[in-house]
Amino acid sequence: MNKATIDFIKQWLFKANEDLLVIEKLTEFEIIATSSVCFHCQQAVEKFLKAFLIANGIDIKKTHNIEFLLSECSDIDKDFTNIDPKELSDFGVDVRYPGDMYIPDEKETLEYKNLAFEIKDFVENKIDEILKRE
């Protein structure tokens with residue numbers, strides 16, 4: 001893997017971790033703006049999964065569908081089949097406008113927050129393994 005590809009992967013991870021910082025701030029003292037928290041959960045997970053695909057030499061498709069990305073990742077590593085994304089894709093870009101936006105409750109928001117952080121650890125460990133082999 002060349003340096004440019006490694007740098008590109010790191011950029012995806014950086015952006016994903018920025019989304020997690022936003023999640024932390026929006027849930028720091030109390031949970032505010034639940035749909036925004038879940039949007040950033042979806043965005044973070046999408047970026048982590050895309051970073052994994054790039055690390056495996058896969059050209060990423062322009063999609064916000066977490067189930068599709070998990071399927072692509074599962075084709076490479078069967079451990080990804082153990083991830084249940086729940087309805088995380090529903091919080092993607094397509095539902096950011098009034099009329100079609102679902103407002104999750106606090107319990108659901110915390111579930112998605114925990115999921116995003118679990119996927120962060122899972123994917124970053126997988127990418128570290130790949131980079132160590134390079």
**Item:** Residue pair Glu18, Lys15: steps toward the salt bridge (Lys or Arg N to Asp or Glu O under 4.0 Å) verdict
**Value:** CA-CA 5 Å; Glu18 271 192 342; Lys15 293 301 287 180; 3.1 Å; yes
**Message:** Would Lys126 and Ile76 count as a side chain to side chain contact (heavy atoms under 4.5 Å, CB included) here? Give the steps.
**Reply:** CA-CA 11 Å; Lys126 293 285 185 183; Ile76 298 164; over 6 Å; no
**Request:** Please test Cys41 against Leu115 for side chain to side chain contact (heavy atoms under 4.5 Å, CB included), starting from the C-alpha separation and ending with a verdict.
**Result:** CA-CA 8 Å; Cys41 291; Leu115 177 63; over 6 Å; no
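When all heavy atoms of Ile127 and Phe52 are compared, the closest pair comes out as CD1-N, 3.8 Å. When all heavy atoms of Leu20 and Ala44 are compared, the closest pair comes out as CD2-CB, 3.8 Å. Closest of all the heavy-atom pairs between Lys50 and Ile60 is O-CG2, 3.7 Å. Nearest heavy-atom pair, Leu26 versus Ser36, reported as atom, atom and distance to 0.1 Å: CD1-CB, 4.2 Å. Val123 and Phe48 make their closest contact through CG1-O, 3.2 Å (heavy atoms, listed as atom of the first residue, atom of the second, distance). For Gln42 against Ser89, the heavy-atom pair with the smallest separation is CG-CA, 4.3 Å.
Checked against Asp19 for a side-chain hydrogen bond (donor to acceptor under 3.5 Å, both in side chains), the options Gln43, Lys120, Lys47 give a single hit: Lys47.
Taking 4.5 Å as the limit, some side-chain heavy atom of Leu131 sits within range of a side-chain heavy atom of Met1. At a threshold of 4.5 Å between non-hydrogen side-chain atoms, the residues Glu108 and Lys86 do not count as touching. Inter-residue side-chain proximity for Gln11 and Ile54 is flagged as unmet; no heavy-atom pair is nearer than 4.5 Å.
A distance of 9.5 Å separates CZ in Phe122 from CG in Leu49, rounded to the nearest 0.5 Å. Put simply, CD on Glu24 and CG on Asn17 are 11.0 Å apart, with the number rounded to the nearest 0.5 Å. A distance of 8.5 Å separates CG of Asp75 from CD1 of Ile58, quoted to the nearest 0.5 Å. Taking CG from Leu88 and CD1 from Ile83, the interatomic distance works out to 11.0 Å, rounded to the nearest 0.5 Å. Considering CG of Leu69 and CG of Leu53, their distance stands at 6.5 Å, rounded to 0.5 Å. Between atom CD of residue Glu72 and atom CG of residue Asp77 there is a gap of 13.5 Å, rounded to the nearest 0.5 Å.
By the 30° and 60° cut-offs, the orientation of the rings of Phe91 relative to Tyr112 is perpendicular.
No donor-acceptor pair under 3.5 Å is formed between the side chain of Thr34 and the backbone N or O of Asp105. Here the side chain of Ser74 pairs a donor or acceptor atom with the backbone of Leu70 at under 3.5 angstrom.
A continuous path of Ile, Leu, Val, Met, Phe, Trp and Tyr side chains, each step under 4.5 Å between heavy atoms, connects Val37 with Ile32, placing both in one hydrophobic cluster. Side-chain heavy atoms closer than 4.5 Å link hydrophobic residues (I, L, V, M, F, W, Y) into clusters, and following such links, even through other members, never connects Leu21 to Ile119.
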